[in-house]
Amino acid sequence: MRAPQSRTKGGAVPSSEELHKRRGAAVARGVGSVLGAYVDRAGGGTITDVDGREWIDFAAGIAVTNVGNSAPRVVAAVREQVERFTHTCFMVAPYESYVAVCEQLNALTPGGFEKRSALFNSGAEAVENAVKIARHATGRPAVVVFDHAYHGRTNLTMALTAKNMPYKHRFGPFAGEVYRVPMSYPLRDGGLSGAEAATRAIETVEKQVGAENVAALLIEPIQGEGGFVVPAQGFLPALREWATAAGVVFVADEIQTGFCRTGDWFACDHEGVVPDLVTLAKGIAGGLPLAAVTGRTELMDAVHVGGLGGTYGGNPVACAAALAAIETMHELDLAAAARRIGATLADRLRAVAARDARIAEVRGRGAMLAVELVQPGTLVPDPAAAAAVSAACHAAGLLTLTCGTYGNVLRFLPPLVISDGELARGLDILDAAFG
Ligand code: PLZ
């Protein structure tokens, strides 16, 4: 193990405590952090801070480092690319890797039809552009989103996101023509079937918006920040069918679920749902900032030349990383790895749930799993329990995250290259933290 090193010029090695003080005097308070420690390095399944303390990583930078941190192929590709050129702006002087990433995305995403892609920097930017494309192609204004949805923090995506605190509070006014309808949430909707929940959502749209006014229906196939809510089987296919009949662009936000996380390349693959447009980010580039919209050529190419873009979108270093990350996912079969990790994790979580009445449900798919915590015998959310278990995990060397509209969901997103030993150690800590 390398000795912790200063990441600042010369001088002594700063400790996490010292860095935290400096942060307080330099970094805006509005930007929070889950961990109080400051990272020195991170590998497949662990994060080490500047004081040499180590955490098993069940966060993957919020479902980003699916191929692991500093994955060997990604490091090599990035190194090679920075030495050739760092930026020309694709809109000024284009380069091959941008084209190659688009080719990969067109081939990997659901749907055998002809597709085109455009590259951006962040998930929110991809979502904004998907809405722009859908509006432009249909000539309609409205966007339909769901309860508990999370789509980003920019002005339009705040409007698309459901939860007020911390994302929207006092940041309005928000973009218009956004309509929210009920989600399929099996634990909390009285056990509606997927078809029933879809009918409820569709009737709301038809009564309150009118299908002919709707440009896009935007949905996370498994909700991320909103609580790892897995809709009942049949919900997504029924919405897909309605969208087709109504001429509505079906947009799947696969930003958190994509790139092998759920045990398939994309969560839509599970039920064979084929979106018209997909938004991608996070896992796409092994930790470098890259995002994309991929979809039907007739929608993507409806937009006039120059209508889409941005200075950094599809930056060559990020594209090189993406190509290497995608190659890694193929070569290591990370979709299968996600299923394996998920099976081990789910077994253990179910065993904990059997003895802990605070766990109302173990849910998710592949290596995207969560437990929802309630006051025993009720469905009353218990965010304090989620925070307490999470804090116990952090203190004992396991990095976990919470989520959910009610803040009462503990979620687990290990890198898909985590070793069996690291996974087992993480699960032991988690198990003990519930005690
Ligand atoms: N769509 C489904 O999960 C990002 C947000 C963390 P950006 N989720 C993590 C936070 O608190 O800001 C996300 C997502 C889905 C869109 C986004 C937005 O992606 O890359 O954070 O803009």
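When a ligand or atom number is given, it counts from 1 through the structure's own listing order. A quick note: this is a predicted structure, and the numbers were derived from the prediction, not measured.
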Practice task
Could you give me the CA-CA distance, side-chain angles and deciding distance for F120 and Y312, then say whether ring-ring contact (aromatic ring centres under 6.0 Å, His included) is met?
Solution key: CA-CA 7 Å; F120 305 98; Y312 290 113; over 10 Å; no
Problem - Residue pair Q208 / R180, side-chain donor-acceptor N/O under 3.5 Å - result: no
Exercise for the section: Say whether T328 and E331, considering side chains only, have a donor N or O and an acceptor N or O under 3.5 Å apart. Expected result: no
Practice task
Check the side chains of N66 and R261 for a donor-acceptor pair under 3.5 angstrom, ignoring hydrogens and angles.
Solution key: yes
Exercise for the section: Decide ring-ring contact (aromatic ring centres under 6.0 Å, His included) for H270 and W265; before the verdict, give the C-alpha distance in whole Å, the side-chain angles of both, and the deciding distance to 0.1 Å. Expected result: CA-CA 9 Å; H270 184 73; W265 272 94; over 10 Å; no
Exercise for the section: Would you mind telling me if ligand 1 is within reach of the side chain of R153, the backbone, both or neither, using heavy atoms under 4.0 Å? Expected result: side chain
Practice task
For G123, take its heavy atoms, then give the atoms of ligand 1 lying under 4.0 Å from any of them.
Solution key: 7 (P), 18 (C), 19 (O), 20 (O), 22 (O)
Completion exercise
Near I62 (heavy-atom distance under 4.0 Å), the atoms of ligand 1 are 6 (C), 9 (C)
Practice task
Examine E220 against ligand 1 and note whether any of their N/O atoms are separated by less than 3.5 Å.
Solution key: no
Problem - Top protein contact for atom 3 (O) of ligand 1, by heavy-atom distance - result: Q256 NE2, 2.8 Å
Problem - Polar contact flag, side-chain donor to acceptor under 3.5 angstrom, H148-T405 - result: yes
Completion exercise
Counting from 1 in the order shown, the ligand 1 atoms closer than 4.0 Å to a non-hydrogen atom of S122 are 20 (O), 22 (O)
Practice task
Give yes if a backbone or side-chain nitrogen or oxygen of A124 is under 3.5 Å from a nitrogen or oxygen of ligand 1, and no if not.
Solution key: yes
Exercise for the section: State the atoms of ligand 1, each with its element, that fall below the 4.0 Å cut-off from a heavy-atom position in D253. Expected result: 1 (N), 2 (C), 15 (C), 16 (C)
Handout entry: N or O pair under 3.5 Å between Y150 and ligand 1
Key = yes
Practice task
Determine whether any heavy atom of K282 lies closer than 4.0 Å to an atom of ligand 1.
Solution key: yes
Problem - No-hydrogen, no-angle side-chain donor-acceptor test under 3.5 Å, N106 and S117 - result: yes
Exercise for the section: Take atom 21 (O) of ligand 1 and look for protein heavy atoms under 4.0 Å from it; say yes if you find one, no if not. Expected result: no
Practice task
Hey, could you give me the CG/OG distance between D49 and S16, rounded to the nearest 0.5 Å?
Solution key: 4.0 Å
